[in-house]
Protein chains: 2
Amino acid sequence: MLTVHEVSELASVSVRTLRYYDKIGLLRPAMRTDAGYRLYGDEDLARLQQILLFRELEFPLKDIRRIIDDPAFDRTRVLDQQIELLELRREHIEGLITLARDIKEKGATTMGFSAFDTSKIDDYTRRAKESWGRTPEWEEYEVKSAGRTHADNKALGDELLGLFKPFGTMAAEGMDPASADAQAQARAVQAFISEHYYTCSDEVFAQLGRAYGSGGEFTSNINAAAGEGAAEFAAHAIEALLS
Amino acid sequence: MLTVHEVSELASVSVRTLRYYDKIGLLRPAMRTDAGYRLYGDEDLARLQQILLFRELEFPLKDIRRIIDDPAFDRTRVLDQQIELLELRREHIEGLITLARDIKEKGATTMGFSAFDTSKIDDYTRRAKESWGRTPEWEEYEVKSAGRTHADNKALGDELLGLFKPFGTMAAEGMDPASADAQAQARAVQAFISEHYYTCSDEVFAQLGRAYGSGGEFTSNINAAAGEGAAEFAAHAIEALLS
DNA sequence: CATAAACCATGACGTAACGTCAGGGTCAAG
DNA sequence: CTTGACCCTGACGTTACGTCATGGTTTATG
C-alpha cells in the first residue's frame, strides 16, 4: 500500500495527476485510511502502467477508461496494438530527425513537410479504437444517435434527467427505495434508455445504477437537476428492483 | 503565396491552428488580400517548419516564439539540439516498447515504471532552453524579478499600464504623437521599464513600440486599460521619438 | 449573370489535463 | 507539544486548440 507521494515518485507522475485520475474514476486507489489518505495497491499500479502506456500514445483519458474498463478487455491484444503504435511513433520521430538533418545541411525546403504528417498513426489509432469499441451496446448507440443534432441530444438528456425528479422528491420525503412507486420510476428510466440509447438489460442497468450512486459525474449531474439525494435514491431503487 | 487551407494541407496542421498562431504572433502571414485573406510566403513556411519541430518536442508556444524571435537565434545550433532531443525521445519510445513486450510476456511488474521517467529528456530540455535564453536582457530580468511576489508583479504591471493613460487622452484629443508631451511620456515608459524590468535601450524600445501597435496582446491590454487608441498612439509616439 | 458550393473572416464559447494557490487536517520525530 | 513534511478538498487559471454562429468572397456552373 503506497501513498500518493510514493506512487508519484515511483511512476513519475504528479500527485495532482493521481488525484485527478481518482476524481474522474480512471484510477481509484484500493482504499483510504481513516483520515481519507489514498492508498494504492498492486492492482492499482498495474492499472496505472496500462494508463501511462496509453497516455504516451496520446489517447484521451476518457477513451483509456472505456478501453480498460470494457468487460471484453483483452490485455494481450491491446498490448500488441500498443506496441505497433509505439513503433509507428518511433518511425515518425526518425522521420523528423532526418528532416532536421536535411534542414541543417541544405536549408529549409518547401517539400519537407511530409515528416509532420501523422495520418498513418492516426489511421492505425482509429482502427485500433474501433476494434476495441465494437461491443454490441456501442454499435447500437451509434445507430440510434446517428441522425441526432446537438440540440436533439441535449433535449434527450434533459428528458432523461427529468425522469429523476420523482426520485428527488421521494428522497426528500424519506420514502422507501423499494416501494412500488420507486420501482415503477426505475423501470421508466430503464425503458427510456432502451428506447433512445441502447438496449438496457437488467444486468447493464444494475451496473448503471451503481454508477449513479458512486459519487462521480453521474451523481452530481443528477442531483443538480433533480435535487440532492436523487441519484443515491435512484441507485438504491435500482438495486432493490433487480435483486 | 498560399492560402490558409493550402498551408494547412501541406503541413498537416488545422486552419484553426494557423489562425491561432497568427493571433498570438507566432506565425503572421506575409500579407493579406484586400478581403483580409491570409497569404503565406516561403519565409513563413520555413518558420512554420521550425515551429512544428519544436511542437513535436512539446515546447510551449511562448517559448518557441521567444527562441526563434531571439536576435541571437542560431539556426544550426538549435537544430543540433533539436536532433539531440529527438534522439532522446526515440530512446524513450524504445524503452516503452520493451516495457510493453515485458508486460505481455511476464505480466505487469512493479519495477516496470522506469520507462516512464522523462527526467533525462526534461533535463536536456531545461539546459537547452537555458542556453537559448541567456541573452543579457533575460539575465537582468531574472535578477530584477527574483524577489517579487505575484502581487508585486501585478502592481508593477498596473503601474506600467497607468503610464499609458496620458496616451489615451492625447489620442482622444487628436494630439500629435510627435508633440513634446507625447515624447516625454514615451521616455517615462522607457525609464520605467529600464528600472523595473530590464535596460530598455532605444533599439529595444523601438521594437517594443512596434509590438504595441501591431494589434496583438499588447495592443488590446493597453487599450483596455488606457482607452481605445492609446496603444497605437503610443506606438507612433515611440516611433517619432526614436527616428 | 446569378447562384450555389467552397473558402475566407472574426468572435465567442467549450474542452482536456492538469498546475497552482487557499484553507485546513494528520502524523512521526524531536 | 510543536514543527515540518504529508495529506485532503475546493476553486480558479492555463495551454492549445475544437467548434459553432454569423457573415463576407470567389469561383464553377446552369
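Proteins come first, then strands; the chains are lettered A, B, ... in the order of their sequence lines, and each starts at number 1.
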- Message: Just the rounded figure in Å: distance from C1' of dC8(C) to CE of Met31(B).
- Response: 15 Å
- Of Val4(B) and Arg16(B), whose closest DNA chain C nucleotide lies nearer the 5' terminus? Val4(B)
- Between the two end axes of the helix from dC1(C)-dG30(D) to dG30(C)-dC1(D), each built from 5 base pairs, what angle do you get to the nearest 10°? 10°
- In whole angstroms, the gap separating P of dT10(C) from OH of Tyr37(B) amounts to 11 Å
- Query: Rounded to the Å, how far apart are Leu39(B) CG and dT25(D) C1'?
  - Reply: 13 Å
- note: Phe59(B), atom CZ; dC17(D), atom P; distance rounded to Å ~ 15 Å
- Test: Arg126(A) and Asp123(A) ion pair at under 4.0 Å: yes
- Task: Just call it for Thr3(A): base, sugar-phosphate, or nothing, with non-hydrogen atoms closer than 4.0 Å on any strand.
- Result: sugar-phosphate
- Task: Remember a base hit wins even if backbone is also touched, and classify Arg19(A) as base, sugar-phosphate or nothing at under 4.0 Å, heavy atoms.
- Result: base
- Message: Just verifying a value: how many Å separate His92(B) NE2 and Leu86(B) CG, rounded to the nearest 0.5 Å?
- Response: 13.5 Å
- Message: Using only atom types and a distance under 3.5 Å, with no angle test, would you say the side chain of Glu6(A) pairs donor to acceptor with the backbone of Thr3(A)?
- Response: yes
- Message: Whole angstroms only, please: what is the NE2-C1' distance between His5(A) and dC8(D)?
- Response: 16 Å
- Note on the structure: Contacts of Pro60(A) and Gly36(B) projected onto DNA chain C by closest heavy atom; the upstream (5') one is Gly36(B)
- Message: Looking at Asp22(B) and Arg32(B), is there a salt bridge between them, counting it only when a charged N and a carboxylate O are closer than 4.0 Å?
- Response: yes
- Does the distance from a Lys or Arg side-chain N to an Asp or Glu carboxylate O, for Glu58(B) and Arg89(B), drop under 4.0 Å? yes
- Task: Determine the contact category for Val15(A): base if any of its heavy atoms lies under 4.0 Å from a base atom, sugar-phosphate if only primed atoms, P, OP1 or OP2 are that close, otherwise nothing.
- Result: nothing
- Query: What's the OH-C1' distance between Tyr20(A) and dG10(D), to the nearest Å?
  - Reply: 15 Å
- Using the benzene-type ring in the case of Trp, are the ring centres of Phe164(A) and Phe233(A) under 6.0 Å apart? no
